[in-house]
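Scroll down for the structure; my scribbles are underneath it.
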Amino acid sequence: MTLDLELFAYAIPVLLTGALFTLKIGLAIAAACLVLGALLTIPLSSRNRFVSGLARAYIAAMRGTPPLILILISFYVLPAVGLLLSPALSGATALSLYFTAYVATAIRGAIASIEAGQIEAALCIGMGWRQRLLRILLPQAWPVVLPALVGLMIGLFKETALLSVISVPELTFQTKQAVARTYAPFEIYLLAALAYWLWSAVLEALGRRLESRATRFRRPRPMLTKGTAQ
């Protein structure tokens, strides 16, 4: 099998254009769902059953609906009710709402892993809400939630391929366009798969680095032996 250099010379710039668009829209969706997911943990943790019930109902609805259906609803239904969005914005909105449910669940689980006694002790010594958040909740919840968030972000970038069904010019859309022009599906789809794999590898490496930095101060101290004890 020989490599067609002219084919690669045509396909690589086209795929790079799609890859850069995927990177931009993926980062925008990631930022939106991280902020919304963190905010959603507030009603999710509320002692008011009605408020927490609404948050749980939203999470159940998002987790029970395929992201492709959400994208199609956003693209076709919202204009019918007078809300006109570009394909990229409607698709990004759908994926943001979808991944917000998973981010909120991950953060809620990390916060729940913190012993209630620590919060009660902080209240006893007069710590305010901000002090409890910055000194107790975040330092302990961050290392716990980080692996789950990294996995979600990798999944998010891969799910952006679904935006190709509404003609958002991301990587998969540009790949299909390049295949239609060149009739060389094997080489071009292989390049696209390589691009997605590289993103996943970069995100995994970044996640491991962040996890290492987050847990380095939480490693258990080595036990002192009898001879070294002072």
Side-chain angles (χ1 to χ4, degrees), residues 26-65 67 70 92-93 95-159 200-230:
L27 289 175
I29 296 170
C33 68
L34 287 174
V35 173
L36 294 175
L39 293 176
L40 186 58
T41 57
I42 298 173
L44 190 61
S45 305
S46 174
R47 294 182 179 179
N48 185 311
R49 291 186 177 181
F50 178 74
V51 173
S52 62
L54 286 178
R56 293 179 189 280
Y58 170 79
I59 290 174
M62 291 296 109
R63 295 176 69 175
T65 306
L70 293 175
T93 301
L95 286 183
S96 297
L97 296 176
Y98 176 77
F99 278 98
T100 290
Y102 287 92
V103 169
T105 303
I107 295 176
R108 176 71 182 87
I111 292 175
S113 69
I114 300 173
E115 295 180 4
Q118 297 188 36
I119 306 299
E120 294 171 358
L123 290 171
C124 289
I125 62 175
M127 276 191 177
W129 177 84
R130 180 175 297 180
Q131 287 178 310
R132 295 198 303 274
L133 177 67
L134 296 178
R135 296 187 178 184
I136 297 178
L137 292 178
L138 287 181
Q140 296 187 69
W142 174 242
V144 177
V145 76
L146 189 55
L149 289 182
V150 171
L152 285 174
M153 294 304 106
I154 292 173
L156 185 156
F157 269 87
K158 290 191 291 186
E159 294 289 4
S200 297
V202 169
L203 286 173
E204 284 186 0
L206 180 61
R208 284 196 297 270
R209 186 174 180 82
L210 289 174
E211 189 176 355
S212 175
R213 291 175 62 87
T215 58
R216 61 181 175 176
F217 298 114
R218 301 178 67 238
R219 290 170 184 162
R221 296 177 180 178
M223 296 181 62
L224 295 177
T225 61
K226 186 175 180 180
T228 58
Q230 299 296 320

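FYI, side chains are in, hydrogens and waters are out, and symmetry mates aren't considered; it's all heavy atoms of this structure. Note that this is a predicted model, so its numbers are computed, not measured. All residue numbers in this chain count up from 1 along the given sequence.
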Open item on the list: For V103 and L152: C-alpha separation, side-chain torsions, deciding distance, then whether side-chain contact (heavy atoms from CB on, under 4.5 Å) applies.
Closed with: CA-CA 8 Å; V103 169; L152 285 174; 4.0 Å; yes
Task: Audit row: E159, I29, side-chain contact (heavy atoms from CB on, under 4.5 Å) steps and yes/no - done: CA-CA 11 Å; E159 294 289 4; I29 296 170; over 6 Å; no
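Within the model, atoms CE of M127 and CD of Q118 stand 10.5 Å from one another, a figure rounded to the nearest 0.5 Å. Atoms CZ and CG, from R209 and L146 in turn, are 13.0 Å apart once rounded to the nearest 0.5 Å.
Across every non-hydrogen atom of L156 and G26, the tightest pair is CD2-O, 3.7 Å. Closest approach of V150 to G207, counting heavy atoms only: CG2-CA, 3.5 Å. The minimum heavy-atom distance linking T41 with A104 is given by the pair CG2-O, 3.5 Å.
Taking the side chain to side chain contact (heavy atoms under 4.5 Å, CB included) definition, one finds that V51 meets it with P43, S46, N48, sequence neighbours left out. With sequence neighbours excluded, no residue forms a ring-ring contact (aromatic ring centres under 6.0 Å, His included) with F99. Remark: L36 pairs with T100 by the side chain to side chain contact (heavy atoms under 4.5 Å, CB included) rule, at least two apart or across chains. R208 pairs by the side chain to side chain contact (heavy atoms under 4.5 Å, CB included) definition with E204, A205, not counting sequence neighbours. With sequence neighbours left out, S45 forms a side chain to side chain contact (heavy atoms under 4.5 Å, CB included) with R108.
M153 has its side chain out of reach of S200: every pair of non-hydrogen atoms, C-beta onward, lies at least 4.5 Å apart. A heavy-atom distance below 4.5 Å is not found between the side chains of I107 and Y102. Two residues are said to be in side-chain contact when any heavy atoms from C-beta on lie closer than 4.5 Å; L70 and L97 fail this criterion. E211 has its side chain within reach of P147: a pair of non-hydrogen atoms, C-beta onward, lies under 4.5 Å apart. The closest side-chain heavy-atom distance from L44 to S52 is not below 4.5 Å.
For residues 37-58, no residue pair satisfies the ring-ring contact (aromatic ring centres under 6.0 Å, His included) rule, not counting sequence neighbours.
Between the side chain of T65 and the main chain of M62, no donor-acceptor pair closer than 3.5 Å is present.
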